[in-house]
Amino acid sequence: MPTNTLEQKRYFSFELLNWYSRSKRDLPWRRHRNPFYIWISEIMLQQTRVDTVIPYFNRFIARFPTIEVLAEAPEEDVLKLWEGLGYYSRARNLQAAAKQVVELHGGQVPDDTQAVAALKGIGPYTTGAIMSIAFNRPEPAVDGNVMRVLSRYFLIEEDIMKGSTRAHMESLVRGLIPEGRASDFNQALMELGALVCTPKSPQCLTCPVMVHCSGRLAGREETLPVKTKAKPPRLEPRSVALIEGSGANAGRLLVRQRPAKGLLARMWELPHELAGPEGYNGPVPDEPAMDHLAAHLLAAGVSARPVRFVREAEHTFSHIHWNLRVFQYEELASPGGKAGGQTLAAEQRTDYSTGAKPDALIALVAQEEQAHPVLPAGYRWISEADMDTMAFPKVFLDLITEYYANPKGTLA
DNA sequence: AAGACGGGGGC
DNA sequence: GCCCCAGTCTT
């Protein structure tokens with residue numbers, strides 16, 4: 001069997017479509033022909049498995065059934081529905097793109113490759129996926145599944161991490177799409193990669209195109225595709241503060257919101273800081289780490305007394321590995337038995353609303369806040385119910401959930 | 001071209 | 001516990 005012949009290509013496309021018509025999974029986004037739903041699913045499916053995406057997808061379309069609804073929603077709601085899915089810029093870009101579609105295209109996904117490609121968060125792969133799956137346009141949609149299948153079937157030894165390889169694969173796919181069948185063909189290619197032509201231990205004996213697979217015939221199916229390995233994440237030891245409020249903040253925990261850009265942008269977290277000097281990843285004794293973190297908190301306007309070490313936690317990103325040591329603190333009530341400036345400010349508002357004279361309180365607030373600075377923007381004392389609206393990265397979600405399941409006492 | 005950007009699953 | 005999975009944006 002000569003490789004990469006016209007016959008090998010025709011056979012591949014025909015048998016693949018035939019297999020797909022019999023084997024395709026019943027997935028929520030395959031039950032509609034709604035381009036918005038196709039779009040959401042394709043964004044969610046980036047770097048994320050189907051089984052993980054399904055519940056997120058269902059909740060998302062229930063809350064944001066149309067592009068207009070998504071465009072007008074508070075960003076906090078969008079982030080909350082993305083909580084746990086990772087790569088949160090996908091959610092922010094999806095909403096930004098929804099606003100673009102409302103502004104530029106009347107709230108409808110345009111049946112236009114260039115217009116779709118111009119939307120935020122939509123790159124070459126997603127452009128092809130939307131154009132083909134939603135509009136049946138003959139555009140390639142080359143993701144990791146497709147590159148794996150093609151590199152095996154056609155025995156392509158180019159490194160799939162290189163940009164030039166994806167371009168090669170795209171031109172190959174253009175020549176493989178049967179007339180009028182772009183939607184099914186692209187989905188079939190990805191479905192084969194997900195179900196049969198898997199990264200490890202491919203199920204060749206059930207593969208509809210095995211007999212003409214060049215990689216298989218060469219005994220190379222386990223060693224393709226060629227892929228340069230990612231470099232390991234750098235280690236980052238950090239100290240985390242689990243601070244129990246006291247006085248008016250009793251039963252609450254202190255959290256803060258991350259900056260609008262960068263890692264975990266605009267998500268909420270427990271306060272934490274780098275343990276030890278920059279670049280150092282050796283052990284840090286608990287006492288100095290707790291004290292250093294207490295000083296950090298004081299600068300944020302929170303006076304807290306170290307209580308004890310709680311437990312370790314890990315959180316791995318693609319490029320950073322957090323080694324977290326979690327310490328419990330107790331908020332120190334300010335002199336006069338008040339819990340701090342925030343509490344007094346709240347009492348002052350209460351007094352205004354009841355019509356009581358606030359003058360004495362205002363003076364007291366000023367005096368208190370001088371000794372005890374107001375909580376800066378971005379910091380908040382939260383109760384368990386606040387977890388329903390605020391989005392947290394997985395590691396902090398777990399820590400806080402664990403705390404509320406077993407407050408005070410025998411945490412971990 | 002290289003780095004930033006999360007979290008889950010298989011074995 | 002260790003390894004694998006990989007789209008888009010930014011620099």
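For the numbers below, each heavy atom of this structure counts, side chains included, while hydrogens, waters and symmetry mates do not. Numbers restart at 1 for each chain; the letters A, B, ... are given by sequence-line order, proteins then strands.
Geometrically, A/R10 does not engage A/F12 in a cation-pi contact, judged by NZ or CZ lying under 6.0 Å from the ring centre and within 45° of the ring axis. With A/F309 as the aromatic partner, A/R325 meets the cation-pi criteria of under 6.0 angstrom to the ring centre and within 45 degrees of the ring axis. Relative to the ring axis of A/W268, A/R258 does not place its NZ or CZ within 45° and under 6.0 Å from the centre.
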Return one dot-bracket line describing DNA chain B 5' to 3' (Watson-Crick or G-U wobble pairs, both distances under 3.5 Å; ( ) same strand, [ ] crossing, | another strand, . none).
|||||.|||||
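Spacing between C/dA6 and B/dC11 at atom P, rounded to whole Å, works out to 15 Å. Nucleotides C/dC3 and B/dC5, compared at atom P, are 24 Å apart to the nearest Å. With both ends at atom C1', the span from C/dC9 to B/dG8 equals 23 Å, rounded to whole Å. Remark: the separation of the C1' atoms in B/dG6 and C/dC4 is 15 Å, to the nearest Å.
Between A/Y56 and A/F60, the ring center distance fails the sub-6.0 Å criterion. Ring pair A/F396/A/H272: centre-to-centre distance below 6.0 Å. Note: A/W29 and A/F57 meet the aromatic proximity criterion, with ring centroids under 6.0 Å apart.
Of the two residues near DNA chain C, A/M147 and A/K229, the one whose nearest nucleotide lies more 5' is A/K229. Residue whose closest nucleotide on DNA chain B sits further toward the 5' end, between A/S201 and A/G163: A/G163.
Salt bridge present: A/E236 and A/R238 bring a charged side-chain N and a carboxylate O closer than 4.0 Å.
Heavy atoms of A/R166 sit nowhere under 4.0 angstrom from any nucleic acid atom. A/N145 comes within 4.0 angstrom of the backbone, heavy atoms only, and of no base. The residue A/I122 sits close only to the backbone: its heavy atoms come under 4.0 Å of sugar-phosphate atoms, none of a base.
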Please enumerate all protein N or O atoms sitting under 3.5 Å from an N or O of nucleotides 6-10 of chain B, with distances to 0.1 Å.
{"unit_1": "B/dG6", "atom_1": "OP1", "unit_2": "A/Y88", "atom_2": "N", "d": "3.0"}
{"unit_1": "B/dG6", "atom_1": "OP2", "unit_2": "A/L264", "atom_2": "N", "d": "2.6"}
{"unit_1": "B/dG6", "atom_1": "O4'", "unit_2": "A/Y87", "atom_2": "N", "d": "3.1"}
{"unit_1": "B/dG6", "atom_1": "N7", "unit_2": "A/S318", "atom_2": "OG", "d": "3.1"}
{"unit_1": "B/dG6", "atom_1": "N2", "unit_2": "A/Q47", "atom_2": "O", "d": "2.6"}
{"unit_1": "B/dG7", "atom_1": "OP1", "unit_2": "A/Y88", "atom_2": "OH", "d": "2.3"}
{"unit_1": "B/dG7", "atom_1": "OP1", "unit_2": "A/K394", "atom_2": "N", "d": "3.4"}
{"unit_1": "B/dG7", "atom_1": "OP2", "unit_2": "A/H315", "atom_2": "NE2", "d": "2.4"}
{"unit_1": "B/dG7", "atom_1": "O3'", "unit_2": "A/G84", "atom_2": "O", "d": "3.1"}

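When DNA chain C is scanned in the 5' to 3' direction for atoms under 4.0 Å from non-hydrogen atoms of chain A, the outermost contacting nucleotides are C/dC4 to C/dC9.
With 3.5 Å as the limit, one finds no donor-acceptor pair spanning the side chains of A/E158 and A/S151. Looking at A/Q257 and A/Y379, their side chains never bring a donor and an acceptor atom within 3.5 Å of each other. In this structure, a donor-acceptor pair under 3.5 Å is present between the side chains of A/N186 and A/S132. A/E244 and A/Y403 form a side-chain donor-acceptor contact under 3.5 Å, judged by distance and modelled atom types alone.
B/dA1 atom P lies 16 Å from atom CD1 of A/I160, rounded to whole Å.
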